There are 2 protein chains.
Amino acid sequence: MTAKTRQDARVPAHPAIEDVTMQQVLEALADPIRRAIVRGLYASGEDRACGTFPMVVSKSTGTHHFKVLREAGLIRQYYVGTSRMNSLRRTDIDAAFPGLLDAVAGHPEPAPGAPPPPTRRVGGGDGA
Amino acid sequence: MTAKTRQDARVPAHPAIEDVTMQQVLEALADPIRRAIVRGLYASGEDRACGTFPMVVSKSTGTHHFKVLREAGLIRQYYVGTSRMNSLRRTDIDAAFPGLLDAVAGHPEPAPGAPPPPTRRVGGGDGA
DNA sequence: ATCGAAGTATGATCGGCGTCGAACTTCGAG
DNA sequence: CTCGAAGTTCGACGCCGATCATACTTCGAT
C-alpha cells in the first residue's frame, strides 16, 4: 500500500506528447471503433464520458480502446465521480503531427455499421 | 483497339480512388515497412522499382506489402522489363483524403530498420 | 451501511496479419 | 535456347490485438 490517496490510483498515466510515435498514433487510429471515438470528440469539441459513446462492444473492450487512445497520446482522461471523462489532446497532437488529426477525424467517414453511400463514378485519376 | 500485349496480363488491378476507404488507407499506413515505402516515394517524387527499396524482409513479404499498398489505392504499379515500378498516387490520395498523405509521409519519422538514435533508449521500443 | 452505476483488471479465446521458404513465371541477355 | 534476375503465388506458422465474461473497485445516493 502506498501513501498516495485513492484518487491518485485512479489517475491514469498520460505520455508526454514528444514520447508518442507516429506508429502508435496510426495503430490507434487504424481501429474503426477508436476512430469513431476520436471523431466524436473532434466533432463535439467537448469532453465526454466513456458511457456517452455508442459502444457496440462490451465494457471491458471499451476500456481497452480508451486505454490505447490514451497511451497513443490522443486523449486525456480524468474522473468526475464514477464517470471517466475523455478529452481530445488536440493541441498536442497538432503540434506533434501537423495535419494528421484534421485529415483523419475531419474526414466524412461513414460510421462503422452504417449503410454504405451510393458509389458514384467520377472519371479522374492521376496519370502521374 | 489493337490486340493487347502480353504485358497486360501482368498489370495488376488498381482500385478507383473513390472505392478506397479510410479504413484501408490507415491499415496500410499502420505498418512501418509500408510507411517507409510510401515515404520513400513521397520524398523522391519518382517512380521506383520494388528492388530499389531497402527491404528488410523477404521478397515474398515485400510483394505482400506492395500489394496492400496497391489495394489501398496508395500506389500504382506497372512493369518495365522484369522490374515492377511503383508510383505514388499522390493526386488521387490528396483528393480523397486531403492532408493525410502530407501528414504521414511528410513527417520526419525514423526508418524502421534505421540505427537507433544515440540518445536515451527506452526499454522495449518495439511491440515485443 | 448498503446498494447500484460506471469502469477497471484479469485471464482466455480466436481470427487476422506479417512472416518465411519453396516453387513458379516472366523477361532480358548471351 | 539457356540462364539468371526480379517478382509472384502458395501454403504454413507465430504472434499480437480485439473481443468477451467474470470479478473487483470506487464513488454517489439512499
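Being a predicted model, the structure only gives us computed values, none of them experimental. Residue numbers start from 1 in every chain, and the chains themselves are labelled A, B, ... in the order their sequence lines are given, proteins ahead of strands. The basis for the numbers below is simple: all heavy atoms, side chains too, and nothing from hydrogens, waters or symmetry mates.
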Chemist: Nearest to the side chain of B:V57 - D:dC20, C:dC20, C:dC27?
Modeler: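 For B:V57, the side-chain atoms sit closest to C:dC20.
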Chemist: How close or far is atom P of C:dG18 from atom NZ of B:K67, stated in whole angstroms?
Modeler: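 One finds 12 Å between P of C:dG18 and NZ of B:K67, rounded.
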Chemist: What's the CD-P distance between A:E71 and D:dA18, to the nearest Å?
Modeler: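 Distance check: A:E71 CD to D:dA18 P gives 12 Å.
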Chemist: Could you state the NZ-P distance from A:K59 to D:dT22, rounded to the nearest angstrom?
Modeler: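 Checked: the NZ to P distance equals 13 Å.
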Chemist: Measure from CG on B:L69 to C1' on C:dC17 and round the result to the nearest Å.
Modeler: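 Answer to the nearest Å: 14 Å.
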Chemist: Rounded to the nearest angstrom, tell me the gap between atom CZ in B:F53 and atom P in D:dA6.
Modeler: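 Going from B:F53 (CZ) to D:dA6 (P), I get 15 Å.
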Chemist: Pick base, sugar-phosphate or nothing for A:H65, based on heavy-atom distances below 4.0 Å to the nucleic acid.
Modeler: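 Sugar-phosphate: the residue A:H65, judged by heavy atoms under 4.0 Å, touches backbone atoms but no base.
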Chemist: For B:S83, report the nucleic acid contact type (base, sugar-phosphate, nothing); a contact means any heavy atom under 4.0 Å.
Modeler: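 Sugar-phosphate contact only - B:S83 comes under 4.0 Å of backbone atoms but never of a base.
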Chemist: Side chain of A:T82 only, heavy atoms from C-beta on: which candidate in C:dA6, D:dG7, C:dG18 is closest?
Modeler: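 Nearest to the side chain of A:T82 among the choices is C:dA6.
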Chemist: Determine whether the side chains of A:Y78 and A:N86 contain a donor N or O and an acceptor N or O closer than 3.5 Å.
Modeler: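 A:N86 and A:Y78 do not have a side-chain donor-acceptor pair below 3.5 Å.
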Chemist: Between A:M85 and A:V80, which heavy-atom pair has the shortest distance, and what is it?
Modeler: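 Result for this residue pair: CG-CG2, 3.6 Å.
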Chemist: Is a donor-acceptor contact shorter than 3.5 angstrom present between the side chain of A:S60 and the base of D:dA21?
Modeler: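 Under the 3.5 Å cut-off, the side chain and the base do form a donor-acceptor pair.
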Chemist: Send over the distance from A:R34 CZ to D:dG17 P, rounded to a whole Å.
Modeler: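 For the pair A:R34 CZ and D:dG17 P, the rounded distance is 9 Å.
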Chemist: Any idea which of D:dG7, C:dG7, C:dG18 is nearest the B:T63 side chain?
Modeler: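 Nearest to the side chain of B:T63 among the choices is D:dG7.
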Chemist: Do B:S60 and B:T63 have a side chain donor and acceptor closer than 3.5 Å?
Modeler: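 The answer is no; no qualifying pair exists.
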Chemist: For DNA chain D, whose closest nucleotide is more 5', that of A:S58 or that of A:V80?
Modeler: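 Looking at DNA chain D, the more 5' nearest nucleotide goes with A:S58.
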Chemist: Less than 3.5 Å apart, any donor N or O on the side chain of B:R34 or B:H65 sitting next to an acceptor on the other?
Modeler: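 Side-chain D/A pair, B:R34 to B:H65: present.
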Chemist: Looking for any heavy atom pair under 4.0 Å, which part of the strands does B:T61 touch: base, sugar-phosphate only, or nothing?
Modeler: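 Touches a base.
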